[in-house]
Number of protein chains: 2
Amino acid sequence: MGERTAPSGTRADGKRRAIVRAALAEFLDAGFDVSVDRIAAAAGVSKVTVYNHFDSKENLFRAVVSGQLQGALAEVERQVEARLGDSDDVRAELVRACRSWVAALTTPDMLALRTLVAVESRRFPELGEAWLEHGPNVVFAKALTRLNDRGVLHVADVDLAVLQLAGLVLSPHLVHGRTPGKRLTDRLIVTGVDMFLGHYVRS
Amino acid sequence: MGERTAPSGTRADGKRRAIVRAALAEFLDAGFDVSVDRIAAAAGVSKVTVYNHFDSKENLFRAVVSGQLQGALAEVERQVEARLGDSDDVRAELVRACRSWVAALTTPDMLALRTLVAVESRRFPELGEAWLEHGPNVVFAKALTRLNDRGVLHVADVDLAVLQLAGLVLSPHLVHGRTPGKRLTDRLIVTGVDMFLGHYVRS
DNA sequence: CGCCAACTGTACTGACTGGTACAGTTAGTG
DNA sequence: CACTAACTGTACCAGTCAGTACAGTTGGCG
């Protein structure tokens with residue numbers, strides 16, 4: 001009693017996926033306050049079915065957003081890893097990694113997701129924590145540590161350096177409403193990496 | 001008809017101030033969705049009185065938030081101006097200005113206000129615009145321009161440089177939920193200014 | 001193929017909110 | 001001091017939404 005089990009079976013799986021897809025879109029578009037009726041309609045599903053799969057709107061939100069969060073962050077990590085270590089030119093290497101980093105975090109969906117998590121962080125503190133702990137910065141901290149170990153960088157405090165690099169190349173996309181254009185984005189990366197290396201590379 | 005005139009007189013002024021004060025606190029605490037009843041209660045005022053002064057909840061929000069926005073930004077500007085130009089040591093001068101800048105924008109109220117404006121930017125686009133146009137960055141752009149004109153800096157693109165300096169010293173406070181502690185805040189400023197000057201001061 | 005879990009649609013409850021009506025009270029100003 | 005704008009408190013309307021009840025339908029799995 002109380003804890004009903006979620007429906008299972010091929011049909012149920014399909015419905016569940018449809019609900020999650022629709023809910024994500026609706027949440028990103030209108031925030032947590034979208035009505036469950038609208039989500040159900042967008043999923044082509046009865047409202048009761050939504051409540052058969054997720055026993056409250058809050059749990060639906062948790063499942064949908066945290067799922068997307070995990071996936072997106074894994075994608076960021078994959079991209080940044082792929083761009084590191086394939087060259088001896090540190091500058092070019094770092095610029096490439098930053099391009100992937102910024103690109104992965106500035107898709108419309110990721111920006112909307114970040115805003116959503118920030119907005120609802122009081123109602124769902126766990127989501128904010130998840131963003132910070134398995135967050136994008138952690139990914140890049142590993143990258144910096146690698147460059148440090150290889151001796152090409154001399155970074156005393158990796159966490160501080162990550163904050164600085166993020167501040168230089170990424171933060172302008174996050175703090176403003178409208179995102180900088182492609183030209184400015186690239187200038188921020190190239191000039192930012194220059195500034196960063198000028199400070200942390202002692203020849 | 002339609003456009004009722006706001007109440008006037010000494011009593012009305014007091015009530016109005018109480019409403020604005022309470023509304024600001026409640027909006028910052030719980031967002032636009034706080035009930036008008038709660039605002040009225042917090043102001044020690046009847047709900048009808050609220051509607052006598054502001055003919056809709058949306059207009060109340062506009063008046064309260066934009067008023068606070070103007071005041072806070074003016075305060076930032078005043079502080080930064082006061083910290084500039086009183087020394088020949090550019091580094092110390094810039095560090096002082098950044099300290100004022102960061103301090104003025106990271107009070108709990110300012111952080112909450114920023115979040116609130118960001119959240120409701122779709123319902124109240126004007127507020128988001130106001131933040132950007134008369135925003136804190138504009139203040140600092142003037143400061144950089146002054147240092148540039150005095151010949152101590154060589155900044156080709158002031159807007160880019162402001163984004164970078166803001167990214168280095170300010171953005172860590174804005175993008176995370178929890179704000180960095182006092183020690184980290186100061187290290188961000190000092191090291192950030194170092195990095196910034198290393199790039200923009202050609203001796 | 002037949003059964004039962006899963007689904008649909010509608011209608012409902014209960015709670016809440018923005019905004020208004022109204023009748024009576026308070027207090028600043030001419 | 002008296003007049004009236006401004007204020008109070010309560011009661012009310014209309015709309016919305018999370019979540020449930022119920023009776024009937026569908027479709028996948030044993």
Side-chain angles (χ1 to χ4, degrees), chain A residues 1-27 29-65 116 119-120 122-124, chain B residues 1-27 29-65 116 119-120 122-124:
Chain A
M1 46 193 72
E3 289 279 325
R4 277 155 296 180
T5 78
S8 60
T10 64
R11 180 175 45 156
D13 288 350
K15 298 286 181 181
R16 188 186 183 88
R17 259 194 301 273
I19 294 170
V20 169
R21 274 168 64 95
L24 175 67
E26 298 298 319
F27 279 137
D29 183 56
F32 180 72
D33 288 340
V34 274
S35 63
V36 176
D37 293 87
R38 201 172 125 188
I39 294 173
V45 147
S46 168
K47 186 178 174 181
V48 178
T49 301
V50 174
Y51 280 97
N52 282 345
H53 283 269
F54 306 90
D55 50 289
S56 75
K57 188 188 180 183
E58 293 206 350
N59 279 344
L60 171 60
F61 185 82
R62 259 182 271 267
V64 168
V65 172
L116 194 52
V119 168
E120 300 297 340
R122 200 167 310 180
R123 195 167 359 200
F124 305 93
Chain B
M1 46 192 73
E3 288 280 323
R4 278 155 297 179
T5 79
S8 61
T10 66
R11 181 174 45 153
D13 289 350
K15 298 286 181 182
R16 188 186 182 89
R17 259 194 301 273
I19 294 170
V20 169
R21 274 168 65 93
L24 175 67
E26 298 297 319
F27 279 139
D29 182 57
F32 180 73
D33 288 340
V34 275
S35 63
V36 175
D37 292 88
R38 201 172 125 187
I39 294 173
V45 146
S46 168
K47 187 177 172 182
V48 178
T49 301
V50 174
Y51 279 99
N52 281 345
H53 283 270
F54 305 89
D55 51 288
S56 74
K57 188 187 181 183
E58 292 207 350
N59 279 343
L60 171 60
F61 185 82
R62 258 182 274 266
V64 168
V65 173
L116 193 53
V119 168
E120 299 298 341
R122 201 168 308 181
R123 194 166 0 198
F124 304 93

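Chain A is the first sequence line, chain B the second, and so forth, proteins listed ahead of strands; every chain is numbered from 1. As the structure is a prediction and not an experimental result, all values here were calculated from the model.
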Working to the nearest 0.5 angstrom, can you tell me the gap between [X] [atom1] and [Y] [atom2]?
X: Glu26(A); Y: Ile19(A); atom1: CD; atom2: CD1; result: 13.0 Å
X: Asp29(B); Y: Arg122(A); atom1: CG; atom2: CZ; result: 5.5 Å
X: Arg17(B); Y: His53(B); atom1: CZ; atom2: NE2; result: 11.0 Å
X: Leu24(B); Y: Phe61(B); atom1: CG; atom2: CZ; result: 10.0 Å
X: Ser56(A); Y: Arg62(A); atom1: OG; atom2: CZ; result: 6.5 Å

> So what does Val45(A) touch, heavy atoms closer than 4.0 Å: a base, only the sugar-phosphate, or nothing?
Replying inline: sugar-phosphate
Minimum-distance nucleotide (side-chain atoms of [X] versus [options]):
X: Thr10(B); options: dC29(D), dT29(C), dT20(D); answer: dT29(C)
X: Lys57(A); options: dC7(D), dG19(D), dG9(D); answer: dG19(D)
X: Ser8(A); options: dC22(C), dA6(C), dG19(C); answer: dA6(C)

>> So if I take the C1' atoms of five pairs at each end of the helix from dC1(C)-dG30(D) to dG30(C)-dC1(D) and get each local axis, what angle do the two axes make, rounded to 10 degrees?
In response: 20°
> Is any side-chain nitrogen or oxygen of Thr49(A) closer than 4.0 Å to OP1 or OP2 of dA6(C)?
Replying inline: no
> Does His53(B) make a side-chain N or O approach to OP1 or OP2 of dC7(D) shorter than 4.0 Å?
Replying inline: yes
>> Expected output is a numbered-order residue list: members of residues 12-21 of chain A with a heavy atom under 4.0 Å from any atom of DNA chain C. What is it?
In response: Ala12(A), Lys15(A)
>> Any residue in residues 29-40 of chain B with a heavy atom nearer than 4.0 angstrom to DNA chain C? Just list them by number, or reply none.
In response: Val34(B), Ser35(B), Val36(B)
Please give me the minimum heavy-atom distance between [X] and [Y], naming the atom from each residue.
X: Arg16(A); Y: Ala6(A); answer: NH1-CB, 4.1 Å
X: Ala18(A); Y: Ala43(A); answer: O-CB, 3.7 Å
X: Ala40(A); Y: Val50(A); answer: CB-CG2, 4.0 Å

>> Determine whether Tyr51(A) and Leu60(A) satisfy the following criterion, side chain to side chain contact (heavy atoms under 4.5 Å, CB included), listing intermediate values before the conclusion.
In response: CA-CA 9 Å; Tyr51(A) 280 97; Leu60(A) 171 60; over 6 Å; no
Can you check the [X] [atom1] to [N] [atom2] distance for me, whole Å?
X: Asp55(A); N: dA6(C); atom1: CG; atom2: C1'; value: 17 Å
X: Arg123(A); N: dA18(D); atom1: CZ; atom2: P; value: 10 Å
X: Asn52(B); N: dA5(D); atom1: CG; atom2: C1'; value: 10 Å
X: Tyr51(B); N: dT10(D); atom1: OH; atom2: C1'; value: 16 Å

>> So for Lys47(B) and dG9(D), does any side-chain atom that can act as donor or acceptor lie under 3.5 Å from a complementary atom in the base?
In response: no
> Hey, which of these two, Arg11(A) or Gly9(B), hits DNA chain C nearer its 5' end, going by closest nucleotide?
Replying inline: Arg11(A)
> Does any non-hydrogen side-chain atom of Leu116(A) lie less than 4.5 Å from one of Phe124(A)?
Replying inline: no
> Is a side-chain N or O of Lys57(B) found less than 3.5 angstrom from the main chain of Phe32(B), in a donor-acceptor match?
Replying inline: yes
